[in-house]
There are 2 protein chains.
Amino acid sequence: MTVRLSRYTMFIRSCSSAVMSSSPVIVTKTASNPFNLVHADLRHLESTISLLLQSTVPKLSQISNYYINNSGKRIRPTILLLLSKATSKSHLVSPSQRKLGEITEMIHAASLLHDDVIDNSSTRRNIPSTPTAFGNKMSILAGDYLLAQACILLASLNNTDVVKIMSTVIANLVEGEILQLSSRTTDFSIYLEKTYLKTASLISLASKAAMIVDSRSEEVIHAAEEFGKNLGIAFQLIDDMLDFSNFDLGKPSNADLKLGLATAPALFAYEEFPELGPLISRGFGEPGDVELATNLVLTSQGISKTKELARKYIDRAKIAISSFEGSPAKDGLDEICELVLNREK
Amino acid sequence: MTVRLSRYTMFIRSCSSAVMSSSPVIVTKTASNPFNLVHADLRHLESTISLLLQSTVPKLSQISNYYINNSGKRIRPTILLLLSKATSKSHLVSPSQRKLGEITEMIHAASLLHDDVIDNSSTRRNIPSTPTAFGNKMSILAGDYLLAQACILLASLNNTDVVKIMSTVIANLVEGEILQLSSRTTDFSIYLEKTYLKTASLISLASKAAMIVDSRSEEVIHAAEEFGKNLGIAFQLIDDMLDFSNFDLGKPSNADLKLGLATAPALFAYEEFPELGPLISRGFGEPGDVELATNLVLTSQGISKTKELARKYIDRAKIAISSFEGSPAKDGLDEICELVLNREK
């Protein structure tokens, strides 16, 4: 674990310093909506998960399905499905790859169930969170149940390397959450490490696993893992940027600052305004801290630098799969990169 | 799942009705302390788990190890180790069987971490609970981390049947907890179903898995599973009995009644005193309910019938392994049965 993190830290340090350079932006032709390419597969995934989560305790089925039924675009399984199609000669997704999509969505939902208890979140995606709707106890238990069902499904893949990879994801999600809870630092590499563990690890390692279960080459396995890692980090960078740049009633939501978290825009702003240092260290905990930090971030180049850094990661993601043969699925992956980078909410 | 439960319900119904019959009690010769037989193995297990739970986040290692370091007798791995020795021609424990002992202890510790958040427990084994010592958030995360590490270790066994069996245990623990939280019933079969899911499933299925990983015969695999199941149910029956029969300052602790739970002694008492029915249905929630129920249980044959039922399960456990060849490990298993039945705290 120590070795993995320190190698990873070296990687992200090189990446964050590269933000100042001016490498060319890769331009991709616009494909049809990539989600349409896997529409039928996603509907199949939803119905399969619903069956898998049936329990003799009906409430357990209901709560463990709650976030899955109220999901967003299903970006994680979409990426796995497109990677599977793009790297298959027949452009087909294998049953094991489908299962990995289901497992990924189940692990993601489990982490949301536990995160919402940990963060005392009252809403998610504009609906009451599970702790609000069903209580903390049931949210914890439903999360455990999802993890157990994901493990049962994992076992059915008959590939112990893949079980190990996906179990590592669960450990990473926990380590990322703790790093977020415990670190009030101006160190950008710790922020990126947290971002890898909490956001990118799942999509990166699931992408790797989806290639392993269908016996892709070492090069393709590595490419998929890199694609997922870089796209995942870019996704979180944009998420953190939108927390400042999305205005609601004239004010940014800056929910992260209110939770005491210094994300990329604040860390970039700190480079221009060192007076942000003490505020970051105390988790924006004193009266006026959130407002002052918001103003400094908006005055600084924090938001544009965050977007610029996200673009670097998106470029890396595209380069990772640049050797894949041309296909609608490959175009779909490139298109997802642009959608992630340019989304506005 | 439905099939398994309904078959199991049939089994437990036959067993609970058999309590009134007078089948002979099996007498076992007293062996040396069974825990001494596996003393060195248990120390090895402890140091291995401590290494496995090392994390780059030191607090995570500390909390995930907390209940493992403050464990009781380690009855679960002791049973696995003794079953492994008793069924091996060389009387040796294989590396995979050792790993299963570690996995079992880790899953058990994970369930304690989450249970103590769910039940708002302030102490465990006379020390502050993890929610008290480290907070709910860290307890939830450390439980998830333990589950993830247990899954990684499971994967290293290279046996997907065993991954599936042990993942089913995690699902069972959740279903058992929910059954306990949600059912205020006088139905004895539901109580026994909850007891299987929440207590016996782990030791039963881990025993089964320990035989599978070292390629034992179908008969031995079945025997180990039955042994664990019956011993586990007896263990919980005695636990529930001691909640009434262990007096502290002249009063039983009756912690279960205070939590709203009707266990075996109360359910047997209900057969004699139907007026307990409404109290059970309302979870002993009105003033005076706990005191009235305690008096009725102590007046009834509830405690003696609970012990009698535990004896039935202990007899079944012993019968399950009666065909094992004589050995110190086999004697140790019989001795554990008596220790479970006759423990006083």
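Chain letters run A, B, ... following the sequence lines, proteins first and then strands; every chain starts at 1. Treat the numbers as computed from the prediction; the structure is a model and nothing was measured. Worth knowing before you read on, the calculation uses all heavy atoms, side chains too, and leaves out hydrogens, waters and symmetry mates.
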Calculate, to the nearest 0.5 Å, the distance between atoms [atom1] and [atom2] belonging to [X] and [Y] respectively.
X	Y	atom1	atom2	result
A:Tyr145	B:Leu173	OH	CG	13.0 Å
A:Thr56	B:Leu179	OG1	CG	7.5 Å
B:Ile140	A:Asn136	CD1	CG	7.0 Å

Part of [X] within contact of chain A (heavy atom distance under 4.5 Å):
X	result
B:Leu146	neither
B:Leu141	both
B:Asp144	both

> If you count heavy-atom pairs under 4.5 Å with chain A, which of B:Asp115, B:Asp119, B:Ile118, B:Val57 comes out on top?
Replying inline: B:Ile118
Does a side-chain heavy-atom distance below 4.5 Å link [X] with [Y]?
X	Y	value
A:Lys59	B:Ser182	no
B:Leu147	A:Ile170	no
A:His114	B:His114	yes
A:Ile178	B:Lys137	no

> Which bit of A:Met166 comes within less than 4.5 Å of chain B, counting heavy atoms only: side chain, backbone, both or neither?
Replying inline: neither
> Considering only heavy atoms, which portion of A:Leu181 lies under 4.5 Å from any heavy atom of chain B: side chain, backbone, both, or neither?
Replying inline: side chain
>> Just to be sure I understand the criterion: a residue of residues 151-165 of chain B counts if one of its heavy atoms is under 4.5 Å from a heavy atom of chain A. Which ones qualify?
In response: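 Heavy-atom contacts from residues 151-165 of chain B to chain A are B:Cys151, B:Ile152, B:Ala155, B:Asn158, B:Asn159, B:Thr160, B:Val163, B:Lys164.
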